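Hydrogens, waters and symmetry mates play no part in the numbers below; they use all other heavy atoms, side chains included. Throughout, numbering of the chain's residues begins at 1 and tracks the sequence. Remember, predicted model here, so these are calculated numbers, not experimental data.
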Amino acid sequence: MKTITKVGLAVLSGLLIAAAWPVRGLVPLAFVAFVPLLYLEDKDYSFGISSIAFLIWNTLTTWWVWKTTAIGTIGMIVLNSLFMTTVFWAYHFVKTRLYDNKKGYYILIIFVLAFEYLHLNWQINWPWLNLGNVFSHHHTWIQWYSVTGIAGGTLWVLAANILIYKFLLASFRPQRSGAEKSSLFYSIIIICVLFIPLIISKIQYHCYTEQGSDVEIIVVQPNLDPYTEEFTLNPRQIMDRNLSVAAPLMTENTRFVVSPESAIQENIWLEKIDKYYSINELRRFIDRYPQTCYVIGISAYGIAPEGSESDFAARRFMDVDKWFYAYNTATLITKDSIQLYHKSKLTPGAEAMPSWWFMRMLKDSALDLGGTVGTLKKDNEARTLSFDNHKVGTLICYESVFGGYVTEFVKKGADMLFVITNDGWWGNSPGHKQHLEFSKLRAIETRRSVARSANTGISGFINQRGDIIEKSKYWEQTALRNTLKTNDRLTFYVRYGDYIYKIAAFLTALLVAMTIVKLILEKRWKH
């Protein structure tokens, strides 16, 4: 195969999957996007050329990270493209060793699922491009995510691609015996694979009845420019930005007011949290509405206990031999209590550096996005916040991309989900729009309503079917009031979590072991 042909196939695959991606993508393209790569792998595989497809996909769908850091974005795109290419190479290698590259297409599904599971759980996690996310803009297609999570979407995409590729092979080789029967067989299977999940989802969507009681919630969008205002305005001005838009919407039925991630930038030390202007101003606000609590994000610090200096997140004071932590925290404030939850799924590069031994020298090199530089301290588990017989899972920004982690809040009794985020770093780009869409997936997986407060948009409300029932405009200081349904029932996915991913990880280990054993035996036979 000519080099120009191979490059063309790789470019085509990259363009197709990028063109399918939210928020304006043509989603059906995802079902054929990998067909050119599959043909390339079958006929004349090249690691370097196949990497072009993944580089295009990553670049065209996540270029907006550039608005925060140019060098970091280049590194992220190149590294993630390399990871994806390596997974595809591993598929080719194992398929060739076990099946002489004549069959074994299922290996691709297993390896990609295992990689996505890894990308949800290791220290340089970046599940933004996990294939199941591609359907977020067409949530009526994937109501069965309440059973499978996004892993079911990844399986759907890859299975369809493989079947369509096999159909095309059979169709363009009519001279082979049984080619017509093979084409008919694959046609029937493709129709079933594409349309049965779609029909099931549409039925689920129209038959699902929201569960639970009504709760009135206000979400605040203060519209603080993270580059020029959020970290420079004084606490009084910031509180005014939040409370001035919330107050006119308050009623006797309002139970929760929600403001975004890191809305309070007052260098708050947790040991004396009730001494700060912002906290006391919020309490004065609540005194006027005692039936209400306030959920808001803060950038906070805390003294590290003695002996914590070996903790990767610990930071040393410059003038004394003591250590402290920095947090990205959600706090729930009532008239007589303060509850805290520290962000657990930290953004690689921006909030955390890997703690691997060979990278420990970079522990203080995390980007300055949020007023603190270096790796943040996190909670080791999902922690719900409680008020008025309700428990809420408060997802801080990036955490809303981790479906399996979100189920931990629900297992602990969360009957609603809040997403507090600051998407203003990315400007008016696809980034904040994609982030909003992913919240719909969490609503479907858990059947929990979602209230979303974003600093600079988009804020809004999502019901248990994944419908956005109200949303704000981008770059507008505003607040929205709406009523959401609570729910205390657990979906299959909440009960069993990322079981599809775990099965794929087990099968990946088994396939790799089989390949190693076969290579060892072949080597011995040759001698």
Starting from the C-alpha separation in whole Å, work towards a yes-or-no answer on side-chain hydrogen bond (donor to acceptor under 3.5 Å, both in side chains) for Glu266 and Tyr277. CA-CA 8 Å; Glu266 205 177 344; Tyr277 169 83; over 6 Å; no
Passes salt bridge (charged side-chain N to carboxylate O under 4.0 Å, His left out), Lys473 versus Glu476? Steps please. CA-CA 6 Å; Lys473 295 179 181 179; Glu476 176 182 65; 5.0 Å; no
Step by step, work out the salt bridge (charged side-chain N to carboxylate O under 4.0 Å, His left out) result for Lys440 and Asp467. CA-CA 7 Å; Lys440 295 159 60 177; Asp467 302 317; over 6 Å; no
Would you check, one step at a time, whether the test side-chain contact (heavy atoms from CB on, under 4.5 Å) holds for Ile199 with Ile196? CA-CA 5 Å; Ile199 292 169; Ile196 289 178; 5.6 Å; no
Please lay out, stage by stage, how Thr140 and Lys202 fare under the test side-chain hydrogen bond (donor to acceptor under 3.5 Å, both in side chains). CA-CA 6 Å; Thr140 61; Lys202 291 291 185 178; 2.9 Å; yes
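Exactly one of Asp498, Ile444, Val147, Thr148 qualifies for a side-chain contact (heavy atoms from CB on, under 4.5 Å) with Tyr493. That residue is Asp498.
Looking only at atom types and distance, the side chain of Asn455 has no donor-acceptor partner in the side chain of Glu261 under 3.5 Å away. With no hydrogens or angles considered, no side-chain donor-acceptor pair links Asp488 and Gln211 at under 3.5 Å. Residues Gln221 and Ser459 have side chains that bring a donor and an acceptor to within less than 3.5 angstrom of each other. Side-chain contact check for Thr483 and Glu216: no donor-acceptor pair (N or O, by modelled atom type) lies under 3.5 Å. Defined by atom type and a distance below 3.5 Å, a donor-acceptor pair is present between the side-chain atoms of Glu399 and Tyr341. Residues Glu210 and Asn487 have side chains that never bring a donor and an acceptor to within less than 3.5 angstrom of each other. Side chains of Thr375 and Glu351: a donor-acceptor N/O pair is absent below 3.5 angstrom, by distance only.
When ring centroids are compared, Trp269 and Tyr276 stay outside the 6.0 Å threshold. Between Trp425 and Trp66, the ring center distance fails the sub-6.0 Å criterion. Ring centers of Phe402 and Tyr398: under 6.0 Å apart, within the cut-off. Between Trp426 and Trp63, the ring centre distance reaches or exceeds 6.0 Å. Taking the centre of each ring, Phe492 and Tyr499 come in below the 6.0 Å mark. Taking the six-membered ring for Trp and the full ring otherwise, the centers of His435 and Trp128 sit less than 6.0 Å from each other. Between Phe83 and Trp122, the distance separating the two ring centers is shorter than 6.0 angstrom. The six-membered or imidazole ring of Tyr294 lies away from that of Phe256, with a centre-to-centre distance of 6.0 Å or more.
Nearest heavy-atom pair, Gln434 versus Pro22, reported as atom, atom and distance to 0.1 Å: NE2-O, 3.1 Å. In this structure, Val257 and Phe285 approach most closely via the heavy-atom pair CG2-CE2, 4.5 Å.
With sequence neighbours excluded, the residues satisfying side chain to side chain contact (heavy atoms under 4.5 Å, CB included) with Met84 are Phe54, Trp57, Asn58, Asn80, Phe115, Leu129. For Leu194, the side chain to side chain contact (heavy atoms under 4.5 Å, CB included) test picks out Phe31, Ala160, Ile190, with sequence neighbours left out.
Between the side chain of Arg442 and the backbone N or O of Ser400 there is at least one donor-acceptor pair closer than 3.5 Å. In this structure, the side chain of Ser136 engages the main chain of Asn133 through a donor-acceptor pair within 3.5 Å. Proximity of a side-chain donor or acceptor of Thr154 to a complementary backbone N or O of Gly132 within less than 3.5 Å is detected. No donor-acceptor distance shorter than 3.5 angstrom exists from the side chain of Arg255 to the backbone of Asp388, with no hydrogens or angles considered. With hydrogens and angles ignored, the 3.5 Å screen pairs no side-chain donor or acceptor of Asn422 with any backbone N or O of Cys397. Using a distance-only test at 3.5 Å, with no hydrogens or angles considered, no donor-acceptor pair links the side chain of Glu445 to the main chain of Gly149. Looking at Ser13, its side chain does come within 3.5 Å of a backbone N or O of Ala33 through a donor-acceptor pair. Put simply, the side chain of Thr456 never gets that close to the backbone of Trp475: no donor and acceptor are under 3.5 Å apart. A donor-acceptor distance shorter than 3.5 angstrom exists from the side chain of Gln237 to the backbone of Asn234, with no hydrogens or angles considered. With hydrogens and angles disregarded, no donor-acceptor distance shorter than 3.5 Å links the side chain of Ser386 to the backbone of Lys391.
Within 6.0 Å of CD in Glu252 there are 12 or fewer heavy atoms belonging to other residues, nucleotides or ligands. For Asn380, the CG atom counts as loosely surrounded, since its 6.0 Å shell holds 12 or fewer non-hydrogen atoms of other residues, nucleotides or ligands. Applying the 6.0 Å contact sphere to NZ of Lys335 captures no more than 12 heavy atoms from other residues, nucleotides or ligands. Applying the 6.0 Å contact sphere to CG of Asn389 captures no more than 12 heavy atoms from other residues, nucleotides or ligands. By the neighbour-count criterion of 12 heavy atoms within 6.0 Å, atom NZ of Lys345 is densely surrounded, having more than that number from other residues, nucleotides or ligands. A 6.0 Å sphere centred on CZ of Arg489 holds no more than 12 heavy atoms belonging to other residues, nucleotides or ligands. Heavy-atom contacts from other residues, nucleotides or ligands closer than 6.0 Å to CG of Asp225 number more than 12. More than 12 heavy-atom neighbours from other residues, nucleotides or ligands sit within 6.0 angstrom of CZ on Arg288.
Residue Gln477 holds its CD atom at 8.5 Å from CG of Asn242, rounded to the nearest 0.5 Å. Separation of atoms OG (Ser262) and CD1 (Ile238) is listed at 9.5 Å; rounding is to 0.5 Å. Atom CD1 of Ile77 is separated from atom CG of Leu60 by 9.0 Å, given to the nearest 0.5 angstrom. Residue Ile279 holds its CD1 atom at 5.5 Å from OG1 of Thr331, rounded to the nearest 0.5 Å. If you take CD1 on Ile218 and CZ on Arg481, they are separated by 6.5 Å, rounding to the nearest 0.5 Å. The structure places OG1 of Thr347 at 8.0 Å from CG of Asn125, a figure rounded to the nearest 0.5 Å.
A salt bridge links Arg383 with Asp379: at least one charged nitrogen is closer than 4.0 Å to a carboxylate oxygen. Between Arg236 and Glu281 there is no salt bridge, since none of the side-chain N atoms of the basic residue sits less than 4.0 Å from a carboxylate O of the acidic one. Lys412 has a carboxylate O that lies under 4.0 Å from a charged side-chain N of Glu381, or vice versa, which qualifies the two as a salt bridge. The residues Lys485 and Asp214 are annotated as salt-bridged, a charged nitrogen and a carboxylate oxygen being separated by less than 4.0 angstrom.
Taking the six-membered ring for Trp and thresholds of 30 and 60 degrees, Tyr327 and His342 have nearly parallel ring planes, at less than 30 degrees apart.
For the pair Thr384 and Val392, the minimum side-chain heavy-atom distance is 4.5 Å or more.
For the pair Arg465 and Tyr208, the cation-pi test (distance below 6.0 Å, angle within 45°) is failed.
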